[in-house]
Structure formats: C-alpha cells, structure tokens
Visitor: 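So that we are looking at the same thing, I have put the structure below in structure tokens.
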2 protein chains.
Amino acid sequence: MSLNPAPLDDAFRALADPTRRAVVEALARGPATVSELARPFDMAMPSFLQHLKVLEEGGLVATSKKGRVRTCALRPEPLAAVGGWLDAQRALWTQRLDQLDRLLLSLKNDEERR
Amino acid sequence: MSLNPAPLDDAFRALADPTRRAVVEALARGPATVSELARPFDMAMPSFLQHLKVLEEGGLVATSKKGRVRTCALRPEPLAAVGGWLDAQRALWTQRLDQLDRLLLSLKNDEERR
DNA sequence: AAAATAATTAGGTATTGACCTAACTATTGG
DNA sequence: CCAATAGTTAGGTCAATACCTAATTATTTT
C-alpha cells in the first residue's frame with residue numbers, strides 16, 4: 001500500500017544535512033562550480049566533495065567536468081518525489097481529520113435532536 | 001538569506017529511514033500504540049523504540065502513556081516545514097527556468113528581426 | 001617550463017546510527 | 001496473587017558519517 005522506494009531514502013538522507021541543503025539552495029539559483037559551491041563553508045575540500053557525492057547519489061545534483069572545472073546543477077526530480085511523499089501523508093492526515101469533523105458534527109446533531 | 005533552522009535537520013533525518021517513514025505513513029491514518037506500530041517490523045522492540053525516539057525528537061510524533069500503553073500520534077508541523085522548504089527551492093528553480101525561457105525568446109526575436 | 005588553480009585520492013579519527021540480547025519495571029487480567 | 005503484557009533500561013557490536021591532513025593529478029596561466 002505504501003510505496004517505499006529506496007530513492008526516497010537517498011533523497012531524504014541527502015537533505016538531512018545543513019551543508020547539503022545549503023548546496024541545494026545555491027544550485028536552485030543556478031549552476032555553479034565545485035569551488036564556488038564550497039567557498040561559503042569552513043570545511044576542507046575533500047569533506048565538501050563527500051557532501052557533493054551524497055547529493056549526486058541521491059540524484060539531486062548532476063555534474064560534468066570540462067577541463068579542470070566541475071560544474072554542478074540541480075536535478076529537481078528527487079525534490080518532486082520527496083514533495084509527493086509528503087503530500088500523500090498530509091492528504092491522509094487531513095482526510096482523517098475531516099472524518100473526525102463529520103463524526104463530531106453528527107454527534108452534535110443527535111444531541112440537538114433530543 | 002537561507003533559513004537554515006536545525007529543526008529541518010531533525011525532520012529530514014527522521015524521514016531518511018524507511019522504518020520511520022512507514023511509521024509516519026501508519027500514523028497519518030490515525031493514532032496507534034507502540035506495539036501496534038512495531039508489529040509489522042522484523043525488529044526487536046528496543047530497536048523500534050529508538051526509531052520512535054528519533055521521530056519524537058524530530059517533532060513528528062507525540063506520545064502519551066496511559067497505564068502501561070503508550071499511544072502515538074502524528075504531528076503535522078514538521079511535515080509542513082519540510083514541505084515549505086522544498087517548495088521554496090522548487091520556486092527558485094522554476095523562476096530561474098522562466099528567466100532562461102524569456103532570454104531564449106528574446107534572442108529568438110532578435111534573430112527574426114534581422 | 002614553472003607556478004598557480006581545481007579537483008581528486010588515500011588514509012586516518014571520532015561520533016553517530018541501527019541493530020541486538022538480557023534483564024528490569026510497571027500494569028492488568030484471571 | 002500470579003502470569004501475561006507493554007514498555008523500558010543497560011550495554012554491546014558493527015557499519016556508516018563527517019570531518020581532517022597530506023599527497024597527487026590534471027589543467028590553465030604566466
């Protein structure tokens with residue numbers, strides 16, 4: 001009943017880190033090179049590259065290298081998948097609340113009727 | 001410029017695990033006790049409790065104990081926060097694409113004009 | 001060709017995460 | 001009261017994560 005694809009794991013995991021979310025925020029504004037992306041962070045380059053790798057594995061970032069420069073771009077699909085999952089849960093939740101509302105309303109009507 | 005609240009960390013982290021997402025999916029349909037929630041998983045109770053704890057720390061689940069039974073309920077706020085963050089990134093992304101579209105269009109017009 | 005730049009690889013440490021078993025503490029039903 | 005039930009605590013293992021430094025490769029710039 002519940003779609004539980006491993007891709008969601010990787011996407012959520014990638015987004016669970018503030019550095020990686022900041023990278024996504026940067027790339028949402030447009031492509032950037034590794035060095036540009038890394039600049040704001042007080043972190044050694046290899047550490048940053050590891051974060052990038054997690055983002056790539058999660059499918060959130062695609063990269064390509066030209067000369068000695070690697071350029072990164074955001075891939076929106078995993079964000080959409082995550083959003084879809086969230087929406088599904090919120091739909092269930094609100095649906096249930098609506099049912100509760102209806103129940104309470106009918107109880108109230110019964111009350112008034114006597 | 002980028003809101004980077006720690007709460008998002010905890011929420012994303014909580015959702016990065018399939019067991020925990022399944023718990024959220026279950027609770028979206030309505031409250032349940034710890035044992036009920038744990039039943040589907042092939043996992044020792046203490047392990048499951050640890051997952052629950054992560055969900056509580058992420059603010060996704062609230063629990064209360066009556067007698068020997070602990071009942072769990074979903075808290076939708078963190079889901080909303082996560083959804084909001086996602087929407088913000090997707091908005092930036094599509095906005096940028098739109099700008100690109102306009103740019104390409106104007107280039108095309110220039111072309112036609114000569 | 002030498003020096004600077006961009007990224008990568010190798011390898012190490014310390015913390016956290018995901019599981020387990022075993023033993024324990026309520027609470028509740030018979 | 002006693003046994004079953006629901007959950008908890010303590011403590012241990014093993015793998016993964018998040019960082020680091022140092023050394024290396026490949027490409028540009030001067």
Side-chain angles (χ1 to χ4, degrees), chain A residues 4-27 30-74 78, chain B residues 4-27 30-74 78:
Chain A
N4 211 17
L8 273 187
D9 270 48
D10 294 340
F12 271 117
R13 188 170 83 76
L15 295 171
D17 179 276
T19 298
R20 291 193 291 259
R21 277 202 310 282
V23 169
V24 168
E25 289 171 6
L27 290 179
T33 70
V34 171
S35 308
E36 285 165 0
L37 288 172
R39 191 152 13 246
F41 303 102
D42 183 22
M43 188 181 291
M45 186 56 105
S47 310
F48 182 77
L49 279 180
Q50 226 170 311
H51 284 299
L52 251 195
K53 197 171 141 216
V54 172
L55 287 166
E56 283 197 67
E57 284 169 357
L60 289 146
V61 168
T63 74
S64 71
K65 197 166 179 178
K66 177 180 273 186
R68 64 184 166 179
V69 175
R70 179 172 298 279
T71 299
C72 307
L74 188 65
Chain B
N4 211 18
L8 273 187
D9 270 47
D10 293 340
F12 271 117
R13 188 171 84 76
L15 295 172
D17 179 277
T19 298
R20 293 193 290 260
R21 279 202 309 282
V23 170
V24 168
E25 289 170 6
L27 289 179
T33 69
V34 171
S35 308
E36 285 166 359
L37 287 172
R39 191 152 14 244
F41 303 103
D42 183 21
M43 189 181 290
M45 186 57 105
S47 310
F48 183 77
L49 279 181
Q50 228 169 308
H51 283 301
L52 252 195
K53 197 170 142 219
V54 173
L55 287 166
E56 283 197 67
E57 284 168 358
L60 289 146
V61 168
T63 73
S64 71
K65 197 167 178 177
K66 178 179 273 184
R68 64 184 167 179
V69 175
R70 180 173 297 279
T71 300
C72 307
L74 188 65

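Only a predicted model underlies this, so the values are computations on that prediction, with no experimental measurement involved. Quick note on labels: first sequence line is chain A, next is B, and so on, each numbered from 1.
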Visitor: Could you report the tightest heavy-atom contact between A/Cys72 and A/Leu27, atom names first, then the distance?
Guide: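 Taking every non-hydrogen atom into account, O-CD2, 3.5 Å.
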Visitor: Where do A/Phe48 and A/Val34 come nearest, in terms of heavy atoms and distance?
Guide: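 Smallest heavy-atom distance, with atoms named: CE2-O, 3.8 Å.
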Visitor: It should be established whether B/Arg20 places a side-chain nitrogen or oxygen under 4.0 Å from OP1 or OP2 of nucleotide C/dA18.
Guide: yes
Visitor: Between N or O atoms, less than 3.5 Å apart, protein on one side and nucleotides 27-30 of chain D on the other: list the pairs.
Guide:
residue, atom, partner, partner atom, Å
D/dT27, O2, A/Arg68, NH1, 3.0

Visitor: Specify the separation, in whole Å, of atom CZ of B/Arg21 and atom P of C/dA18.
Guide: 12 Å
Visitor: So which atom in A/Phe12 and which in B/Arg21 form the shortest heavy-atom distance, rounded to 0.1 Å?
Guide: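 Scanning both residues, the minimum pair turns out to be CE1-CD, 3.6 Å.
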Visitor: Would you say A/Arg13 places a side-chain N or O within less than 4.0 Å of OP1 or OP2 belonging to C/dG17?
Guide: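 No, no such contact exists.
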Visitor: Would you say B/Arg20's side chain and B/Leu15's backbone share a donor-acceptor pair under 3.5 angstrom?
Guide: no
Visitor: What is the distance, to the nearest angstrom, from the CG atom on A/Asp10 to the P atom on D/dA16?
Guide: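 My rounded result for the distance is 13 Å.
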Visitor: Tell me, which of residues 44-57 of chain B have any heavy atom that sits under 4.0 Å from an atom in DNA chain C?
Guide: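 Under 4.0 Å from DNA chain C: B/Ala44, B/Pro46, B/Ser47, B/Gln50, B/His51.
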Visitor: Take atom CZ of A/Arg70 and atom P of D/dT25, then tell me their distance rounded to the nearest Å.
Guide: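 Computing the A/Arg70:CZ to D/dT25:P distance gives 18 Å.
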Visitor: Between B/His51 and B/Phe41, is a side-chain contact (heavy atoms from CB on, under 4.5 Å) present by the stated rule, with each step listed?
Guide: CA-CA 12 Å; B/His51 283 301; B/Phe41 303 103; over 6 Å; no
Visitor: Expressed in angstrom and rounded to an integer, what is the separation of B/Lys65 atom NZ from D/dT9 atom C1'?
Guide: 12 Å
Visitor: Closest nucleotide of DNA chain C for A/Thr33 versus for B/Asp42: which of these residues is on the 5' side?
Guide: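 That would be A/Thr33.
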Visitor: Can you give me every donor-acceptor pair (side chain of residues 53-69 of chain A, partner residue at least two apart or in another chain, under 3.5 Å) with its distance?
Guide:
residue, atom, partner, partner atom, Å
A/Thr63, OG1, A/Arg70, NH1, 2.8

